[in-house]
Amino acid sequence: VFVLVVALVTSTFAIPFVPRTGAKPLTPPNIPSNPDPTDGSTNISISYNLSWKGGDPDNDTVTYDVYFGISSPPPKVSGNQTTTTYTIGTMAYNTTYYWQINAWDNHSESSTGPQWEFTTEVKVNNPPNIPSNPNPTNNSTGILVSSVLSWTGGDPDNDTVKYDVYFGTLNNPPKVSPNQSSLNYNPTGDLLYNTLYYWRIVSWDTSNSSRVCPLLHFTTRQEVPLSV
């Protein structure tokens with residue numbers, strides 16, 4: 001009888017276990033996808049920027065860590081950013097870059113995208129500018145015998161430019177100054193009076209491309225006799 005009473009009391013006051021319902025399991029953010037540039041792409045502009053698709057299935061706030069560089073795996077270059085773009089700056093020509101995105105939600109759940117890569121464009125070299133704006137101007141007369149030759153140069157790719165100077169009294173003047181960086185040439189000593197001089201400038205860039213200006217000439221002034 002005692003055993004039966006205990007059993008009935010126990011049965012009467014037992015609290016049945018009811019599983020919790022409505023508790024939403026945490027899910028990590030979406031795996032970063034849709035990379036731009038696309039994985040394995042080539043001939044990418046050196047000023048290109050990265051972008052990708054992110055988000056979260058629970059609409060949680062998501063931040064991103066960006067890994068980018070020329071080594072594999074690439075180093076982290078930006079952490080805890082909210083945008084799905086990254087501005088690189090100017091990259092090197094004809095270089096393979098690696099990148100990867102790690103997404104974090106506000107519950108510290110994370111998803112890591114695959115490592116992607118792309119290769120930048122090959123530099124197309126433009127030759128240096130044709131030397132121009134000569135001083136003395138072409139076919140000028142009455143030029144001082146102490147004159148210094150000068151010109152305008154430069155390069156459309158901003159390459160370093162060197163100049164060869166050809167100068168003399170022959171219409172095929174000899175080279176008198178090779179591989180100089182300055183935009184002027186000072187002849188050794190004074191020029192001769194009332195003399196026709198020829199000159200030409202050849203410009204060279206770092207890719208060994210060159211441009212030649214037209215043959216130029218000028219005549220020095222006549223010597224003025226000293227008055228007694």
Side-chain angles (χ1 to χ4, degrees), residues 37 41-50 68-71 74 77 87-98 117-227:
S41 56
T42 59
N43 201 35
I44 299 301
S45 168
I46 60 171
S47 57
Y48 212 89
N49 295 323
L50 308 180
F68 175 79
I70 59 175
S71 59
V77 293
T87 301
I88 302 170
T90 303
M91 295 178 283
Y93 285 103
N94 195 28
T95 301
T96 298
Y97 287 90
Y98 303 91
E117 65 179 75
F118 62 87
T119 302
T120 52
E121 61 190 328
V122 176
K123 180 180 180 181
V124 177
N125 181 66
N126 294 299
N129 300 330
I130 297 175
S132 60
N133 298 331
N135 186 28
T137 57
N138 189 37
N139 201 30
S140 56
T141 58
I143 301 302
L144 295 175
V145 295
S146 59
S147 293
V148 175
L149 310 183
S150 66
W151 60 93
T152 299
D155 186 275
D157 303 322
N158 292 320
D159 291 338
T160 299
V161 181
K162 300 290 187 178
Y163 303 94
D164 293 339
V165 181
Y166 295 78
F167 177 73
T169 57
L170 301 175
N171 60 6
N172 185 20
K175 185 190 294 185
V176 293
S177 179
N179 202 38
Q180 69 170 59
S181 57
S182 64
L183 296 170
N184 57 72
Y185 172 71
N186 190 1
T188 303
D190 286 344
L191 305 178
L192 300 175
Y193 285 103
N194 195 27
T195 301
L196 179 62
Y197 284 93
Y198 297 89
W199 63 299
R200 171 180 283 142
I201 306 298
V202 180
S203 56
W204 297 86
D205 67 12
T206 52
S207 298
N208 211 33
S209 294
S210 65
R211 299 293 291 270
V212 182
C213 78
L215 182 65
L216 306 165
H217 63 275
F218 64 86
T219 303
T220 52
R221 63 182 296 183
Q222 293 188 1
E223 184 174 10
V224 177
L226 295 176
S227 59

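Applying the side chain to side chain donor-acceptor pair (under 3.5 Å) rule to pairs touching residues 142-151 yields nothing, sequence neighbours excluded. Among pairs with a residue in residues 195-215, none fulfils salt bridge (charged side-chain N to carboxylate O under 4.0 Å, His left out), at least two apart in sequence or across chains. Among pairs with a residue in residues 131-154, none fulfils salt bridge (charged side-chain N to carboxylate O under 4.0 Å, His left out), at least two apart in sequence or across chains. Judged as a salt bridge (charged side-chain N to carboxylate O under 4.0 Å, His left out), not a single pair has a partner in residues 132-156 (not counting sequence neighbours).
The shortest heavy-atom contact between R221 and V224 is NH2-CG2, 3.5 Å. Annotation for Y97 and T120: closest pair CE1-CG2, 3.8 Å, computed over non-hydrogen atoms. P134 and L216 make their closest contact through CB-CD1, 3.5 Å (heavy atoms, listed as atom of the first residue, atom of the second, distance). The two residues A92 and I46 make their nearest non-hydrogen contact at O-CG2, 3.8 Å. The two residues T195 and Y193 have their closest heavy-atom pair at OG1-O, 2.7 Å.
Listed by chain and residue number, K123 satisfy the salt bridge (Lys or Arg N to Asp or Glu O under 4.0 Å) test with D159 (two or more places apart in sequence, or in another chain). The side-chain hydrogen bond (donor to acceptor under 3.5 Å, both in side chains) test applied to S210 returns no partner, not counting sequence neighbours. With sequence neighbours left out, D164 forms a salt bridge (Lys or Arg N to Asp or Glu O under 4.0 Å) with K175. For the side-chain hydrogen bond (donor to acceptor under 3.5 Å, both in side chains) test, no residue two or more places apart in sequence or in another chain qualifies with T169. Residues satisfying the side-chain contact (heavy atoms from CB on, under 4.5 Å) test with N126, not counting sequence neighbours, are P156, D157. In this view, P37 and S41, I44, Y48, L50, W99, F118 satisfy the side-chain contact (heavy atoms from CB on, under 4.5 Å) rule, not counting sequence neighbours. In terms of the side-chain contact (heavy atoms from CB on, under 4.5 Å) criterion, residue partners of P136 (sequence neighbours excluded) are, by chain and number, S140, I143, L149, W199, F218. Legend: residues meeting side-chain hydrogen bond (donor to acceptor under 3.5 Å, both in side chains) with N179, ordered by chain and number and at least two apart, are absent.
How far OH of Y197 is from CZ of F167: 5.5 Å, rounded to the nearest 0.5 Å. Here the OG1-CG distance, from T206 to N125, works out to 6.5 Å after rounding to the nearest 0.5 Å. From S203, atom OG reaches atom CG of L183 across 10.0 Å, with rounding to the nearest 0.5 Å. Considering CG of N171 and CG of L196, their distance stands at 9.0 Å, rounded to 0.5 Å. To the nearest 0.5 Å, atom CG of residue N139 and atom OG1 of residue T219 are 7.5 Å apart. Remark: S177 OG to Y166 OH distance equals 10.5 Å, nearest 0.5 Å.
Within 6.0 Å of the CD atom in Q222, the count of heavy atoms belonging to other residues, nucleotides or ligands does not exceed 12.
For the residue pair S207 / S209, no side-chain donor-acceptor distance below 3.5 Å is found, with atom types taken as modelled. Side-chain contact, T119 with T96: a donor N or O sits under 3.5 Å from an acceptor N or O.
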Take L215 and Y198, measure what side chain to side chain contact (heavy atoms under 4.5 Å, CB included) needs, and give me the verdict at the end.
CA-CA 7 Å; L215 182 65; Y198 297 89; 4.0 Å; yes
